[in-house]
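Lettering of chains follows the sequences in order, A, B, ..., and the numbering in each one begins at 1. In this text the structure is predicted, and so the values were computed from the model without any measurement.
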Number of protein chains: 2
Amino acid sequence: MTSQAGSGGASTVPDVFDPGGGANLTRVRAYNERLVMSLVRRHGSLSKADIARRSGLSAQTVSVIMRALEKDGLLMRGDPVRGRVGQPSIPMRLNPDAVYSYGVKIGRRSCDLVLMDFVGNIRLQLHQTHAYPMPEEILSFIVEGIPKLERMLTEEQRGRIAGVGIATPFQLWSWAEETGAPREAMARWRGFDLRDAVAARTHHPVLMQNDATSACGAELIFGVGASYPDFIYFYIGSFIGGGIVLNSALFSGRSGTAGAVGPLQVSDRNGKPQQLLKIASIFVLENLLRERGIDPKPLWYSADEWIDFGEPLETWIQLTAAALAQAIVSSASIIDFSAAVIDGGFPGWVRERIVAAIRKAAGELDLEGVILPDIIEGAVGAQARAIGGASLPLFSRYLIDTNVLFKETA
Amino acid sequence: MTSQAGSGGASTVPDVFDPGGGANLTRVRAYNERLVMSLVRRHGSLSKADIARRSGLSAQTVSVIMRALEKDGLLMRGDPVRGRVGQPSIPMRLNPDAVYSYGVKIGRRSCDLVLMDFVGNIRLQLHQTHAYPMPEEILSFIVEGIPKLERMLTEEQRGRIAGVGIATPFQLWSWAEETGAPREAMARWRGFDLRDAVAARTHHPVLMQNDATSACGAELIFGVGASYPDFIYFYIGSFIGGGIVLNSALFSGRSGTAGAVGPLQVSDRNGKPQQLLKIASIFVLENLLRERGIDPKPLWYSADEWIDFGEPLETWIQLTAAALAQAIVSSASIIDFSAAVIDGGFPGWVRERIVAAIRKAAGELDLEGVILPDIIEGAVGAQARAIGGASLPLFSRYLIDTNVLFKETA
DNA sequence: TTTTAATAATTCAATTTGATTTATTTATTG
DNA sequence: CAATAAATAAATCAAATTGAATTATTAAAA
């Protein structure tokens, strides 16, 4: 039965890979608490009886859990709802001030530090622009920015900060060529562990994740996640990236690069196989503009201030849409996603045009045997990456996550 | 924050999609029991202390669980292992006779009914060939075959049958054209629910799953699953199909079609975008042989009796490998699979040549930004689909499955 | 060769945790 | 006032953990 297993490619293979660890009572409680909070978050507000029905837990269990969460300040009771037979129900909702967390977004032209509350509102914010990102500069921006923001909080509020989540492109050094940053300068990112560096200079827990994956996470918690249990997310930035949600959970994979989407093979307009990121990225539009003697700078001032560049923009949109349509069909035949979510560093009217073009292009492909996912626009907006970063510490402490139940077996 | 969510494509969208239900004590126990059995299965045999270390559960808990499983006849104790300091350990292994289950494979030219034991050995077997599969014939074969096999078992053994698992291609009627079956006859599969029909005529629980997904499941439990926590699986039959394993669990997706892989977009030799199944399927080889005036029948007698057709076979292998290489790279940029497993309805030497050709072809693609999965041969062999079918009832009752912990909230 | 120490596997008994069950109270509509 | 639904208190039950004890073995010292 288990005769031979092929000789494998290059990497070494673990002898036997164990499934997750065991479950116990304490973990069940932690899991159920997170479940309750996730349900409340999803629906805005729910009564204890509602939660009991939706979770399948007994009313008493839910009552105990929710009273504890209320006592901890995580939940707040709303005004009793009358008008139906029986005792009025008391809707419970998340206390926006229960938990804060920092989100950092590192971009090609700018860097953001935001303080987000428990329901996803940005409360405080710092912004810095740069010609190209440098490790030392970014590090100071973060570790000096944090106390700067904290001076605007009370002692009590500072105690409710869950941590710092950094959303950054991976392998920053490989940007150099296309973005015009000096190669030697960018090479300094190699071997520089930003997470460790920040962690060494703040007492908050620090988490780091790919920027597109983070934006995807923001969409899961605060955007389309409530409507779609699984989706593939594309974030069109300087380079296109993405993320994946399965069973209402961010799936980042064994190596953390699931949903990278950039290297997806698509056919270009000449029918040649090509990587998706060589077509559906903003740097391509930038080059297109330069070729036509147009100054591409307006692309970088602010995502909301693009001007309509006319023909080159339309050309780029068409090529991008054709490539994304293929990518969506391919991904749908691997995982039956219920939606493909499109967002990026551009204004809403560009996103709208891209989505419309993708829908059109997808309709023209051979769809036999595939169920085409709903192709929709992202709902979170320009700060998706920073918000996704900020939600990392929330994920790790308050949001539903199957892994809460199982022990680490290291 | 949650302003607009795009207008969606065609399908209707649920208002809010809830996460899974709550967890409780009984379910924790059920989960831990399955975990113990999965660990024992993976490793062949393990002592209680080994299980405690690997699961993170306390020694006492493991002791209680395993004694109960032994009492139920699911586990057997082996000979004490001496030679190390301390009390000798008692290796526990699965009792092969603890549970039996039926597996059905419906194929283009034949149908199999097997009785599998708890460790994946086929104990009894029926085989039937046909020009093309017809609902009534298949149904009689199954419901008459079951009592036929059961007459060879003792009363006691019959009581230990977990159920029937059917592995079948979906949408059988859409085969007609390429396989030369009469279109009207195949149309009878439309609206025929084989699962219900079988369930109505046997007292065993009946489960059904796509044939390629089933083969993938067999590979997970009895094949390469122990070495790779996540992989994409390709089964090259009349039409190529596949399956997906994530976190050591079969992922079949919302609609059950995850891992269908057939509609994956790849470039054909002329650079045109084409569906994978139009290139990497055995019916293509069949047509190739016919074009050259060669009788393709040897393809269908038995998977192990192919003859070397020379040039047309080599051509098909090269085209198939080129297409699969692209499919693997695309899938790896969506999910960072650790392996791509190749199997199909052909002899081992063909599989070997295909895998070698894929490795070569993959090396020639643009791999920037992707980690190429190990490309390996399937380890289970010709009966993978039937074995995968038979393991469905095992999955549903004895194998680890995160869902065991959570309530159905319907 | 005998004795003693160390170690590992296993199990027993008591404790703790947390969900469920049952019964009760409260607030509302019709 | 009857019916109904929400919420909760007390008692019960299931299962994992903790700490201690038992058993079987090897390794090393006398």
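Here A:R67 does not pair with A:E70 in a salt bridge; the nearest charged N to carboxylate O distance is not below 4.0 Å.
Taking the side chain of B:S58 as heavy atoms from C-beta on, and the options D:dA9, D:dT17, C:dT20, the nearest nucleotide is D:dT17. Counting only heavy atoms from C-beta on, A:Q87 has its side chain closest to C:dA27 among C:dA27, C:dT20, C:dT10. Proximity note for A:N32 (side chain, C-beta onward) versus C:dA19, C:dA9, D:dA7: the nearest is C:dA19. Among C:dT20, D:dA16, D:dA7, the nucleotide with an atom closest to any side-chain atom of B:I65 is D:dA16. The listed nucleotides are C:dT10, C:dT20, D:dT17; the one nearest the side chain of B:T61 is D:dT17. Side-chain atoms of B:Q60 lie closest to C:dC12 of the nucleotides D:dA6, C:dC12, D:dA9.
Between A:D50 atom CG and D:dA5 atom P the separation is 13 Å, expressed in whole Å. At whole-Å resolution of the value, CD1 in B:I90 and P in C:dA8 are 17 Å apart. Note: NZ (B:K48) to C1' (D:dT23) measures 13 Å, nearest angstrom. We find that CZ of A:R27 is positioned 20 Å from P of C:dT16, with the value rounded to whole Å. Between A:L69 atom CG and C:dG18 atom P there is a gap of 13 Å when expressed in whole angstrom units. Atom CZ of A:R67 and atom C1' of D:dA6 are 12 Å apart (whole Å). Separating the CZ atom of B:R77 from the C1' atom of C:dA9 is a distance of 12 Å, rounded to the nearest angstrom.
In this structure, the side chain of B:D117 engages the main chain of B:V119 through a donor-acceptor pair within 3.5 Å. Within the 3.5 Å criterion, the main-chain N or O of A:M76 finds no donor-acceptor partner in the side chain of A:N95.
In this structure, A:R29 and A:P88 both approach DNA chain C, and ranking their closest nucleotides by distance from the 5' end singles out A:R29.
Here the options are B:D50, B:L46, B:V81, the test is side chain to side chain contact (heavy atoms under 4.5 Å, CB included), and the partner is B:S89; only B:V81 passes.
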